[in-house]
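Notes for the one structure printed next.
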Amino acid sequence: MSSEAAPGAMSGLRVIDLTRVLGGPYCTQILADHGADVIKVEPPTGDEVREWGPPFHEEDAAYFVGINRNKRSIGLDLAAEGGRAVLLKMLETADVLIENFKPGTLEKWGIGNESLREKFPRLVHCRICGFGADGPRGGNPGYDAIIQAMTGMIAATGSPESGPMRIGVPLVDITTGLYAAIGILMALSERQRSGKGQFLETTLYETGLAIMHPHTANYFMHGKPPSLTGNEHPNLVPYAIFPTKTDNIFIGVGNDGTFRKLAKEIGKPELGTDPRFARNKDRIANREALRAELAAVFSQHEAEPLCNRLLAAGLPAGPVQKIDQALTNPHTIYRGDIIEKDWYKGVASPIRLDRSKPSLRRLPPKFSQHAAEVLGEFGYSKAEIDAMVENGTVCGPERKR
């Protein structure tokens with residue numbers, strides 16, 4: 001990602017972002033990185049992840065900083081009629097509204113989807129929520145770890161020794177943000193044909209179910225829930241961590257030809273024709289015997305040189321690195337995957353378009369940092385802005401605690 005301003009594929013798109021925490025901000029950062037004008041509307045207390053630290057930069061936690069670059073912030077009290085009037089003014093020129101309020105909240109305030117559709121027929125309105133508005137759990141709050149638990153993810157993760165484990169990154173929240181971004185782009189594409197916006201809903205629960213592959217597919221086929229296999233794959237062998245003389249490595253083999261090539265490359269070609277290991281289903285049936293054979297070979301090698309040799313031969317292998325090693329890896333540096341500006345450092349957008357490049361235009365905003373700038377663009381005078389700050393409709397730089 002360039003650290004200089006670039007047009008970006010989403011330039012000209014205006015997004016009003018009412019989301020907090022992770023899924024929604026992750027979605028809008030994707031759009032912002034690629035040029036969208038994202039106006040982050042925060043409640044008077046601010047996005048709560050500003051407090052999710054340490055570590056902090058000044059008063060903002062790294063958790064907030066990592067998912068809110070390239071946005072402008074305005075603090076607005078939407079529970080007040082004046083705050084909602086400002087929001088409606090901003091929506092007059094907006095392409096997208098994204099929010100993660102509990103279903104029914106906007107309706108209670110008189111600005112639900114039906115009202116918005118009547119006022120702004122071209123608006124794409126995206127809602128991110130836990131379970132959706134209807135159904136037995138409709139309106140219930142959703143949290144990443146709870147959804148991991150409820151959709152079978154935790155039950156499928158871990159080893160017999162560890163027991164069920166939460167996945168160590170907020171996978172459900174992040175993937176929900178990705179699905180929301182995809183849904184918004186689909187709705188914008190359809191709008192080019194119909195001239196109309198539409199409402200879309202992305203829920204944590206349905207995302208959790210959707211990403212449970214291959215466990216759901218396996219269950220539909222044989223009716224058995226997954227067992228705990230640790231780092232092993234339920235459908236492929238070998239696909240696991242192995243120790244070496246120095247560090248652990250991960251080996252992943254996707255077909256029989258690749259396994260024969262691996263066997264030859266490590267000096268054990270006979271493993272590729274051994275009837276216990278010749279086909280993937282045989283390797284699954286004899287998983288432990290194969291693990292012992294491979295472990296004996298890998299224990300004679302150092303991790304990095306071995307992985308380099310296997311990768312150069314077209315074989316899937318990689319050292320198990322800590323985050324500091326991954327971020328300073330020569331390939332990471334060469335590809336420009338780390339971006340910096342002033343005090344800020346982050347991971348660049350992985351979406352690399354040839355002409356419409358992403359860019360780092362704005363640092364993550366301080367709370368309500370751009371209130372006067374944004375309101376001025378929507379026609380409010382300085383006197384009107386000062387009055388709204390005075391009466392609490394618009395927030396100054398100080399958050400309510």
Side-chain angles (χ1 to χ4, degrees), residues 17-30 42-43 45-56 60-68 98-105 126-183 201-219 225-234 241 320 322-323 326 346-347 364:
D17 179 5
L18 307 186
T19 66
R20 313 177 328 280
V21 190
L22 180 49
Y26 193 87
C27 167
T28 54
Q29 181 169 277
I30 294 170
E42 300 188 57
T45 53
D47 185 334
E48 55 259 49
V49 298
R50 289 184 183 272
E51 305 284 349
W52 287 15
F56 290 96
D60 293 326
Y63 204 112
F64 174 88
V65 165
I67 51 174
N68 282 288
I98 178 169
E99 45 96 0
N100 60 354
F101 287 106
K102 180 180 177 181
T105 300
C126 175
R127 173 175 295 152
I128 292 176
C129 58
F131 296 89
D134 53 9
R137 297 195 181 278
N140 286 176
Y143 300 91
D144 182 278
I146 308 306
I147 302 301
Q148 285 194 34
M150 295 178 67
T151 58
M153 206 170 293
I154 287 179
T157 305
S159 67
E161 294 75 27
S162 70
M165 297 283 289
R166 178 182 71 88
I167 295 173
V169 295
L171 186 63
V172 174
D173 277 334
I174 287 173
T175 310
T176 302
L178 288 169
Y179 278 138
I182 293 168
E201 183 179 63
T202 307
T203 75
L204 300 181
Y205 185 73
E206 276 134 12
T207 293
L209 291 175
I211 61 176
M212 277 295 289
H213 185 80
H215 301 300
T216 50
N218 290 344
Y219 178 78
S227 58
L228 293 176
T229 58
N231 292 303
E232 304 272 352
H233 196 289
I241 287 179
V320 178
K322 295 180 180 179
I323 189 67
V347 176

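- Proximity of a side-chain donor or acceptor of Thr175 to a complementary backbone N or O of Val172 within less than 3.5 Å is not detected.
- In this structure, OG1 on Thr151 lies 11.0 Å from CD1 on Ile146, to the nearest 0.5 angstrom.
- Side chains of Val21 and Tyr143 form no contact here, defined as non-hydrogen atoms less than 4.5 Å apart.
- With sequence neighbours left out, the salt bridge (charged side-chain N to carboxylate O under 4.0 Å, His left out) criterion links Glu201 to no other residue.
- Of all the heavy atoms in Ile30 and Ala181, the pair that sits closest is CD1-CB, 4.2 Å.
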Self-check item: Derivation and outcome, side-chain contact (heavy atoms from CB on, under 4.5 Å), residues Leu18 and Ile98
Solution: CA-CA 6 Å; Leu18 307 186; Ile98 178 169; over 6 Å; no
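- Taking both residues in full, the closest heavy atoms of Pro364 and Phe64 are given as CB-CE2, 4.5 Å, listed atom of the first, atom of the second, then distance.
- Checking Glu48, Glu99, Glu51 one by one against Arg20, the salt bridge (charged side-chain N to carboxylate O under 4.0 Å, His left out) holds for a single residue, Glu48.
- For Ser159, the side chain to side chain donor-acceptor pair (under 3.5 Å) test picks out Glu161, Ser162, with sequence neighbours left out.
- The heavy-atom pair separating Thr28 from Pro25 by the smallest distance is OG1-O, 3.2 Å.
- Contact annotation: the side chain of Arg50 approaches that of Glu42 to within less than 4.5 Å [non-hydrogen atoms, C-beta and beyond].
- Here the CD1-SG distance, from Ile67 to Cys27, works out to 11.5 Å after rounding to the nearest 0.5 Å.
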Exercise. Evaluate side-chain contact (heavy atoms from CB on, under 4.5 Å) for Arg127 paired with Thr202, printing each intermediate quantity in order.
Key: CA-CA 6 Å; Arg127 173 175 295 152; Thr202 307; over 6 Å; no
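- No donor-acceptor pair closer than 3.5 Å links the side chain of Thr105 to the backbone N or O of Phe101.
- Contact of the Phe131 side chain with the Thr203 side chain is not registered, since no non-hydrogen atoms from C-beta on lie closer than 4.5 Å.
- When side chains are defined from C-beta on, Leu228 counts as touching Pro164, because their heavy atoms get closer than 4.5 Å.
- Within a 6.0 Å sphere centred on CE of Met212, heavy atoms belonging to other residues, nucleotides or ligands number more than 12.
- Taken from CD in Gln29 to CG in Asp17, the straight-line distance is 10.5 Å, to the nearest 0.5 Å.
- Taking all atoms of both residues into account, the shortest heavy-atom contact from Ala145 to Arg166 is CB-CD, 3.7 Å.
- The shortest side-chain heavy-atom distance between Tyr26 and Leu178 falls under the 4.5 Å cut-off.
- Here the CG-NZ distance, from Asn140 to Lys102, works out to 7.5 Å after rounding to the nearest 0.5 Å.
- The main-chain N or O of Asp173 is found under 3.5 Å from a side-chain atom of Asp144 such that the two form a donor-acceptor pair.
- In terms of heavy-atom proximity, Pro225 sits nearest to Tyr219 at N-CD1, 3.9 Å.
- Looking at Asp60, its side chain never comes within 3.5 Å of a backbone N or O of Val65 through a donor-acceptor pair.
- Here CD1 of Ile147 is found 9.0 Å from OG1 of Thr207. Values are rounded to the nearest 0.5 Å.
- Contact annotation: the side chain of Val49 never approaches that of Leu22 to less than 4.5 Å [non-hydrogen atoms, C-beta and beyond].
- Distance check, rounded to the nearest 0.5 Å: CE of Met153 to CG of Leu209 gives 8.0 Å.
- Annotation: side chain of Leu171 is in contact with side chain of Ile211 (closest heavy-atom distance under 4.5 Å).
- Residues Asn100 and Cys129 are not in side-chain contact: their nearest non-hydrogen atoms beyond the backbone lie 4.5 Å or more apart.
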